[in-house]
Amino acid sequence: MVWREILAKTDSYLAGKGVPEPRTAAELLAARLLGAGRGSLAGALDLEPSERQLEAMRRGMARLAAGEPVQYVLGEWDFRRLTLKCDRRALIPRPETEELVTAALKYLDALPRDGSGRLVVDVGTGTGAIVLSMAKESSRGDCVFLGTDVSEDAVALARENAERCGLSDRVNFAVMDGLDDFDEPQCVDAIVSNPPYVETAACERLDPRIRDHEPRIALDGGADGLGFYDRYLTDAVNLLKPGGAVFFEIGDTQGDAVKKMMFDCGFDDIAVTKDFAGFDRYASAVLK
Ligand code: GLN
């Protein structure tokens, strides 16, 4: 059997199991095994896979059919310019989150280059996607990047990603509950976070691929989904330098509530902006 037939069979098998976008999933699996991009599969369609490749296709198919997200089955996923290792230790990096990085980078690049040194903290870093992308793309040599996570597993994964992306010397990671271990006031330039923001009750209604496979600790934002914003903003008031800023990903109905929290904590330049799908997704503010 050649790859063309394998892909067709995998596609129809996965479709029968209710896997979304079965053809894409089949192609991504095959491309990974061939060490090729999805776009270059065409050249392999009339070739026969090796026994090892067939076996790996079968294993991948079984995992997809059992409801595992394709990103975990592949074991890696692209985020901005990075390909990150991705497994059950952390939330899958989402395309919406890419724009949070754009906003934070824009702010960082506009800060004066006065030799004072800059510190950016990504709270709840998970795979490390946000902070690793910032370190990769920032033009600043005077900036220290730190990713924190309460989950030791997530920090281990983020460190593996730093290594894989050649960014180990640019980004530090620490196991920390929120921002709890900072003791020096006014030492941070920017706090960036995609915290858990799904209301506890709504977690049960998430797509089963998310609900049953991604870490609940990275999704569950408590009864109203807003607890982490409250906590991080309160900490940010002490930790940010004057003129420092926060950049948060938010749930699409949380814009007004997060704006109010920011206002109540004394922030200025409060903004909520939309993602590519037109939903409120980012909240940022500056502490003047
Ligand atoms: N966007 C995620 C979802 O699919 C939630 C991410 C988060 O809680 N930070 O629901």
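Atoms within a ligand are numbered from 1 in the order they appear, just like the ligands themselves.
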Please lay out, stage by stage, how Ser193 and Phe228 fare under the test side chain to side chain contact (heavy atoms under 4.5 Å, CB included). CA-CA 10 Å; Ser193 187; Phe228 288 93; over 6 Å; no

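- Atoms of ligand 1 found under 4.0 Å from any heavy atom of Pro196, numbered from 1 in the order shown, are 8 (O).
- For ligand 1 and Leu219, the ligand atoms under 4.0 Å from any heavy atom of the residue are 5 (C), 8 (O).
- For ligand 1, the atoms sitting less than 4.0 Å from at least one non-hydrogen atom of Pro195 are 7 (C), 8 (O), 9 (N), numbered in the order shown with element in parentheses.
- Of the residues listed (Tyr229, Phe267, Tyr282), the one engaging Phe248 in a ring-ring contact (aromatic ring centres under 6.0 Å, His included) is Tyr229, and it is the only one.
- Atom 1 (N) of ligand 1 has as its closest protein heavy atom Tyr197 OH, 3.2 Å.
- Those atoms of ligand 1 that come under 4.0 Å of a heavy atom in Ile210, given as number and element, are 4 (O).
- Under the side chain to side chain contact (heavy atoms under 4.5 Å, CB included) test applied with Leu29, the options Ile6, Val73, Thr24 reduce to a single match, Val73.
- Within a 6.0 Å sphere centred on CD of Glu163, heavy atoms belonging to other residues, nucleotides or ligands number 12 at most.
- Within the 4.5 Å cutoff, no side-chain heavy atoms of Val258 are placed close to those of Val272.
- Note that the CZ atom of Arg140 and the CZ atom of Phe145 stand 9.0 Å from one another [nearest 0.5 Å].
- The shortest N or O to N or O distance between Arg94 and ligand 1 is below 3.5 Å.
- In this structure, Ala218 is part of the shell of residues with a heavy atom less than 4.0 angstrom from ligand 1.
- For the pair Leu91 and ligand 1, the shortest N or O to N or O distance does not fall below 3.5 Å.
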